[in-house]
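Step one of this worksheet: look at the structure below.
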Amino acid sequence: MAAIPLISARNLTKIYAMGGEEVRALDGVSLTINSGDYVAVTGASGSGKSTFMNLLGALDRPTSGHLSVGGEDLSEIEPGNLAGFRNQMVGFVFQQFNLLARTTAVDNVALPLLYAGIDSAERREKAIACLKLLGLGDRLGHHPSQLSGGQQQRVAIARALVNDPSILLADEPTGALDTQTSTEIMAVFDKLNADGITIILVTHEQEVADHARRQLVFRDGRVLEDRS
Amino acid sequence: MNLWASVQVALIALRVNAMRSALAMLGVIIGVASVIVLVSISEGTKAAVEAQISRFGTNLLIVRPGSSIFGGRRGGAGSATPMNDSDALAIRDEISGVSGVSGEVSTGASVIAGNVNWPTRIQGVNAEFFDVRDWILDEGRLFDEDEDSASRRLAVVGQTIVAEVFDGASPVGQTLRVGGVPFEVIGTVEGKGQTSFGSDQDDIVFAPLSTVRSRLGASRTPTVRGAVSTIYVDVGPGERIDNVILDIQDLLRLRRGIEPGADDDFSVASLAEFIRARNETESQLGLLLAVGAAIVLLVGGIGIMNIMLVSVTERTREIGLRLAIGARPGDIRNQFLIESVILCLIGGVIGLGVGISGTLIYAEVGQLEIAVNPLIILLAIGASVLVGIFFGLYPAHRASKLNPIEALRFE
Ligand SMILES: Nc1ncnc2c1ncn2[C@@H]1O[C@H](COP(=O)(O)OP(=O)(O)OP(=O)(O)O)[C@@H](O)[C@H]1O
Ligand SMILES: [Mg+2]
């Protein structure tokens, strides 16, 4: 399969001003990621991994530099239209799952569809299909508090996938899980990538990073190593 | 995201924090309920006053000596020259728009029939009096002008006299001794009940004016022939009451020889005005209380705002998550705004129920006829929605301005 550049970052910089002091969370990152890639981002704590992911997911804006995702220059999207990008182009998975409490698995997964303006019957149908895909067909009506950590993360992945995004962004998706459950979750990612979705995940664990085909090592806001 | 979906999201959020939602509504409930009770009672009182006025006759004028009948200073009522029969005749004959006139004298006396002795009031009136004051014949007949002029000893009695003196049996044809003078009872009039002052209007005996004056010595004044204490004037339907009042004033000034520029030494007042004036303070007080209740509603709104701000802070991570998966700031704002409006609306509906029940209980206990104006229901609902929007706007705006990253990191 010919590699098409899906993400391209040029001189991407994010500076936080902390009371007069500048923190260069990202310090001129330039790279491209192709469609269908499976990328692991590693590096020491504070090296800028989460900052990079947040820029990719349009949750935050760079201080300078260019970032285009799926052919769209993110710095040129009106702030009001970023919601559409977050909703359609990417799916985000967090370390802390971030599921809505006292809300069923189906309703949690259906949430992005709500903001996509899809009617309730179709929302439910798609959410159930997604949960089944992740092996949670028998947990549809469960609340997060009634699910194990691994099951909760799978609900979160289902939520990230429900709108058929091109890119799945996962910031330490196994960080809160034990080894056994991590392995289960990584198997899910492997399968999703095999089905064609581009995956970028942040991790501290080498076994997790080894699932990816490409590894980016960050240090002090820069890409130290780019291994394929 | 459509409205219905937003409403569902809001309802779920409210149910999750049911107890807190209920407490937040309390202010709105109390506010709406008290507005409804107070406005309804105030309106009910006003309606009762109007009913009373129409019972008395809206076209009735009362002419009396003295500068003011009803005001605080009834200056010189005793000293001013009384009205007399010929004043009454002049008003009837010379003023256009007048459909009936009657003088009145009255005295307290004991009436005796058989072995019953009953203290009551005797009113001496002209034949037109019954029309003028809307007394309706119940049984027998009324006396006429000739019988009045002839000072016939005839009596028309009220329902209380029928009940108390004649034990409920028909008194027509019976003899009633008033201050030792025998009167023949020729008729009875229908009951009118109590006045708003609580006195029994039916505890009354009517007799021809001249008879009462000559036989019972009521309003006998050495200086004035044919004195009467009050002249009642019935203004014909469709006539301008104020014009009739002015005409009567002019006529009486002339008859009583009042110099131009000098004050009247008599008064011509419409009863309707008097009753309205007396009740104005009352309904103003009601309105003032309703304003107080509206302030309670506003304070309730501040409670709502407080709860919504707490809710926004508590759900910061949820807001961050929603933004991260594609909620527009407007969706977030609407979600919290709708939550606030629903909160107020539910509070308003409960307050409506409480207010209507409270009004009905008040009406039942006070034996008043109070109807809850349907307009007030609309007003209550509208006011709660407005309170919800007004006090929800700031928290909702704050929620919509959150930065997704910071919101997601919020502990
Ligand atoms: N909102 C912020 N304000 C100020 N500085 C920040 C902010 N967010 C991140 N930083 C700083 O930017 C740098 C990069 O942070 P980032 O969260 O990207 O690190 P990371 O690689 O994800 O670390 P970890 O592995 O611990 O999650 C850090 O030095 C951090 O202190
Ligand atoms: Mg991080």
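Atom set for the values below is all heavy atoms of this structure, side chains included, hydrogens, waters and symmetry mates excluded. Within every chain, numbering begins at 1; the chains are lettered A, B, ... in the order of the sequence lines, protein sequences first and strands thereafter.
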Tell me the closest heavy-atom pair linking [X] and [Y], and the distance in Å.
X: B/Arg328; Y: A/Tyr115; answer: NH2-O, 3.7 Å
X: B/Leu321; Y: A/Asn98; answer: CG-O, 3.3 Å
X: A/Arg86; Y: B/Ala324; answer: CB-O, 3.5 Å
X: A/Ala83; Y: B/Ala327; answer: CB-O, 3.7 Å
X: B/Ile325; Y: A/Asn87; answer: O-ND2, 2.9 Å

[X] atom [atom1], over 12 foreign heavy atoms within 6.0 Å:
X: B/Arg20; atom1: CZ; value: yes
X: A/Arg10; atom1: CZ; value: no
X: A/His143; atom1: NE2; value: yes
X: A/Asp119; atom1: CG; value: yes
X: A/Arg124; atom1: CZ; value: no

| request: Compare all side-chain heavy atoms of A/Gln96 with those of B/Leu408 and state whether any distance is below 4.5 angstrom. | output: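 No; the side chains remain at least 4.5 Å from each other.
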
| task | To the nearest 0.5 angstrom, please state how far the CD1 atom of B/Ile405 sits from the CG atom of A/Asn54. | result |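 The CG atom of A/Asn54 is 3.0 Å from CD1 of B/Ile405, to the nearest 0.5 Å.
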
| Atom pair CD/CG of B/Gln335 and A/Leu114 - distance to nearest 0.5 Å |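 Between atom CD of B/Gln335 and atom CG of A/Leu114 there are 9.0 Å.
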
| Atom group of A/Phe85 that falls short of 4.5 Å from chain B, counting heavy atoms |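 Contact with chain B is absent: no heavy atom of A/Phe85 under 4.5 Å.
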
| Contact part of A/Leu111 toward chain B, heavy-atom cut-off under 4.5 Å: side chain, backbone, both or neither? |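 Contact with chain B involves both backbone and side-chain atoms of A/Leu111.
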
